[in-house]
Every structure is written in structure tokens, then in C-alpha cells.
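The sequence lines fix the lettering, A, B, ..., with proteins before strands; numbering per chain opens at 1.
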Protein chains: 2
Amino acid sequence: MTTEEKIFNAARIVFQKKGFAGARMQEIADEAGINKAMLHYCFKNKQLLFEAVFKNAFSQLAPQINAIFSSNETIFEKIKQFTHSYISFVIVNPFLPPFVIQEMNNNPEFVKNFFKNENSPNPYLLIDQIKKEIDLGIIKPMNPKQLVLDIFSMTVFPFAAQMMVKGILHLDDAEFNLMMEERKTTIAEQIINSIKK
Amino acid sequence: MTTEEKIFNAARIVFQKKGFAGARMQEIADEAGINKAMLHYCFKNKQLLFEAVFKNAFSQLAPQINAIFSSNETIFEKIKQFTHSYISFVIVNPFLPPFVIQEMNNNPEFVKNFFKNENSPNPYLLIDQIKKEIDLGIIKPMNPKQLVLDIFSMTVFPFAAQMMVKGILHLDDAEFNLMMEERKTTIAEQIINSIKK
DNA sequence: ATCTTTGTTAACCAAACGGTTAAACTAAAA
DNA sequence: TTTTAGTTTAACCGTTTGGTTAACAAAGAT
């Protein structure tokens, strides 16, 4: 593993745990097992190191989601694939959703630019498809954006608010993961059940 | 308005916008229009000022939620009341959900203690009721905690991930609020529709 | 009138922070 | 063997940050 990779991995861990403002360059250096000056040698400054981590996090997810959204399957099938695929991904990367939400909240300008320039998840193929299937009478009339929001809510929220969910429902890690495994199939079933004519 | 109130309101604004780590005592003082030393005179230190704001935020919500959960209504009615009541509340306090999620993520120990000591939303009345109604054959067999999680997901997520939702779905503030108004009724209808026998 | 308590400020401080520098180390090219 | 280019480090620096201090002002209390 190169030094740059060591730094990158360490930065990902620390940024995800503490956020941009709470992360300390020294802590990242310690986590990577290298001298603090190397951080600046490899990534110039804190902001650029952060952006590298943030972009990488998104770039792991966006292609997966877009691939599903732009396929030729029915919506019902896409909903099934998305929930299964997304939950599988974030079970392995559980810190990602709260991290993204946090930095969206703290630094909206950066994130807005990010969404314009980088390849971010694009739901408009899905939205168009929903419109068509409504017209064809396959699913009930509704605001397509609400359906997209429902799908994201049901899949992303439990991970985004992980600590709160575990606290309120008294779940340990094992129970939480078990529930998330269950959700891989149940979410899609419920949503489909509530929208099909 | 007393000086203490001025500080508290200013702290709420700055903490919700920047998070604990990102907030600056000087910025809070400026926002309150008073000298920085007054912060320490009134609230001792940053941590205690933050805890005051955090506890207050939760104490506004918890009683509302618990009142609904512990009433004598049917689950269907409780779901309707909760979604309507919660969305109405956070439309007026939109920074609350991301704020809570962020600080849960950054400072889990503090939050765990908080949940044990303060009056936090207690879903177990609701969970017991769900179990009973499943046994009575009113709703489909399922894990009651999953249903509770569904309800929270559908209501809380759009606000928790507000910036992301607006970005991905290309919504301005007006469109976003319009969608949330619509959700006050549609969420409950959808959930009820998908669980009733 | 004088003392005490409470509220308020400007000036200050030590520690922590992000970032820089210059030197030392390494290994491959000349 | 020497040069050269790329790595890595210890030590340092200016600024920011949370927090303190001492002086001061207003208002009751004695």
C-alpha cells in the first residue's frame, strides 16, 4: 500500500467519524502511521484531502445506482434491485450515509458544485419511467418524485440515522444488521404493494 | 429577551448550521450581539451550551411524539397523527433532524447517555400495540420494529437529508415544502395500505 | 452612604490547529 | 561513486480557538 493510499484510508476513517470540522490533520497522520507533513506533501491541504475522500465515496455509489436506474427493467424490478444493491453496499460502508448528510448540511455550496460537476445519482430516467407506467395504468397516479423519495427514505434513513435508530429501538449491531438484511426484500415488496394498481 | 435567551437562540442557530465542532464561540457571541465572555459567564463552556441546545431541541419533539404513541387510538390513526404532526413540526424547524443525526454520529457516547437520562421518544407502546393488532388479524404479520422504522424513515428522511434531496430532485424551497405538505397525508395512506389485511 | 451581588466588557493567554521549511534519507540513474 | 530526483521527517510558525482575568457599571441590600 502506497503512502498516498495509507493517508487516503486514514482520512476516510477520521473524516467519516468526526466530519470535516471535527477531523484533525494530526489524527489522520497518526491513523496512517506517517508524519503530518506528508499529508500536505500528498494532498496539499485539508480541503483537498477531504474533497478526494468525498468524491471517492460518491463515485463508489453513483455508478451502481445509475446502472440500475437506466436499465430496461420494469420499475418494480428496479425498486427490488436498488434496495437490495444499496443496502448491501452500505452494510459494508455504514459510515457513508451520515457522512454525506452531515457535510451536505455543513457545506451546502461545496456540495451543490459537486452535484453539478461530478457524476451524481440521476433519478430522472426513473422519474420518466414512473410517469409512463402511470399513464399505462400499471401503477397508481402519484407524484413520481414522491415515489423516488419514498424509495430513498426507506433504504437510506436507517443507515443515515443509525445511532438514533439503534438508541430508540434498543438494537445492538447484530440485531441492526439482521433487520437491514430483512429490509433488502421487504422494503421493495411494501412499496410495490402500495403503488401497483 | 434576556441575555441568556439571546445567547441560547444564537447558539441554536450556529450549532444547527455548523455542528458542534464547526461552531465558533465568537460567532455565537456575534450572532447574539454580546461579548464572548458572556457565553462563559452564562453557560460555563461550549459543551454545556451545546447540551442545553441539544436537550431543548429534543424536548420540543419527544412529548408530542409520546403523546401520540400512548393515546388510545388505533395504529392506523396513530400513524396518521404522527406523520402529520411531525412534518408540521419540522417544516417550522427544518434544521433539527440533520443536526440531531450529525451529533449522534460525531458524539455517540454523549447521545447514548442522553437517551438513558432524558425523556426520549419511546416507541415501545406503539410496538406492543402493533403486536396485538397483528395477533387480532388487523394488520399483516411482520416485525413491529420494521414498521416503526418505516414510519420514521418516510417522515424524517426528507428533512434529515434535505440538502441532498433538493440537489438530486432539483427542488427549490417552495417545491420542497409543497412535497412535504403532500406527504403529511400520503405517507400514512401508503403505509396503512401496505400493512392492512 | 457603603457594601455586595449581578451583569458586561476589553484585553489577554495557553493550547491546539493547519500549514511550512529545510534538512535528512532513499534508491535509482549517470 | 556521484548525482539527482523523489520521500519522509523533526522542528518550527502564524493564526485561531476556547477559555480566563480584571476592571467596571448598575442595582439592591445593610
Side-chain angles (χ1 to χ4, degrees), chain A residues 1-57 99 102-103 105-111 113-114, chain B residues 1-57 95 99 102-111 113-114:
Chain A
M1 187 159 53
T2 68
T3 303
E4 202 165 325
E5 288 169 336
K6 276 194 254 177
I7 293 173
F8 186 89
N9 289 333
R12 206 190 51 223
I13 291 167
V14 176
F15 278 133
Q16 287 183 357
K17 190 149 55 186
K18 305 285 182 72
F20 178 77
R24 299 286 160 245
M25 295 299 268
Q26 186 59 58
E27 193 180 347
I28 295 173
D30 293 345
E31 179 77 35
I34 50 98
N35 188 284
K36 184 166 67 96
M38 278 304 289
L39 303 184
H40 298 94
Y41 178 76
C42 291
F43 289 91
K44 191 91 180 168
N45 59 38
K46 192 184 183 184
Q47 182 68 33
L48 287 175
L49 177 54
F50 175 79
E51 286 178 19
V53 170
F54 194 89
K55 282 180 187 174
N56 177 267
F99 172 61
Q102 174 169 310
E103 300 308 330
N105 187 36
N106 291 162
N107 212 336
E109 327 86 58
F110 161 64
V111 176
N113 274 341
F114 176 80
Chain B
M1 191 161 50
T2 68
T3 303
E4 202 165 325
E5 287 169 338
K6 276 193 254 176
I7 293 173
F8 186 88
N9 289 333
R12 204 189 52 221
I13 291 167
V14 176
F15 277 133
Q16 287 183 354
K17 190 151 56 189
K18 304 284 181 74
F20 178 77
R24 298 289 161 244
M25 294 299 267
Q26 186 60 59
E27 193 180 346
I28 295 173
D30 292 345
E31 179 77 36
I34 49 97
N35 189 284
K36 184 165 67 96
M38 279 305 288
L39 303 184
H40 298 93
Y41 178 76
C42 291
F43 289 91
K44 190 93 178 166
N45 60 37
K46 192 184 184 184
Q47 182 68 33
L48 287 176
L49 177 54
F50 175 79
E51 287 179 17
V53 170
F54 193 89
K55 282 180 187 174
N56 177 266
F95 289 104
F99 171 62
Q102 172 169 314
E103 299 309 330
M104 292 247 165
N105 187 37
N106 291 162
N107 211 335
E109 328 86 59
F110 161 63
V111 176
N113 274 341
F114 176 81

Item to check | A/Glu27 CD to C/dG18 C1', straight-line distance once rounded to whole Å | outcome: 15 Å
Checklist entry - Closest to the A/Ile34 side chain: D/dT9, C/dT8, D/dT7? => result D/dT9
Item to check | Heavy-atom protein contacts under 4.0 Å, nucleotides 16-23 of chain D, coded B base, S sugar-phosphate only, - none | outcome: -SBBBB--
Checklist entry - Centre of A/Phe20's six-membered ring, under 6.0 Å away, within 45 degrees of the axis: is that where NZ or CZ of A/Lys46 sits? => result yes
Item to check | A/Asn106 side chain to B/Gly22 backbone, donor-acceptor under 3.5 Å | outcome: no
Next on the checklist: Less than 3.5 Å apart, any donor N or O on the side chain of A/Gln26 or A/Asp30 sitting next to an acceptor on the other?
Outcome noted: yes
Checklist entry - OP1, OP2 of D/dT7 versus side-chain N and O of A/Thr3: anything below 4.0 Å? => result no
Checklist outcome for this item: A/Phe43 CZ to C/dT20 C1', in whole Å, measures 19 Å
Checklist entry - Between A/Ile28 (CD1) and C/dG19 (P), how many Å, whole number? => result 10 Å
Checklist entry - What's the CG-P distance between A/Leu39 and D/dT9, to the nearest Å? => result 11 Å
Next on the checklist: For A/Lys6, is there an ion pair with A/Glu31 - N to carboxylate O distance below 4.0 angstrom?
Outcome noted: no
Checklist outcome for this item: Rounded to whole Å, the CZ-P distance (A/Phe50 to C/dG19) equals 14 Å
Next on the checklist: Aromatic contact between A/Phe50 and A/Phe43, with the criterion being ring centroids under 6.0 Å apart: yes or no?
Outcome noted: no
Next on the checklist: Quick check: B/Phe99 with B/Phe15 (ring centres under 6.0 Å apart)?
Outcome noted: no
Checklist entry - C/dT21 C1' sits how many Å from A/Met38 CE, rounded? => result 15 Å
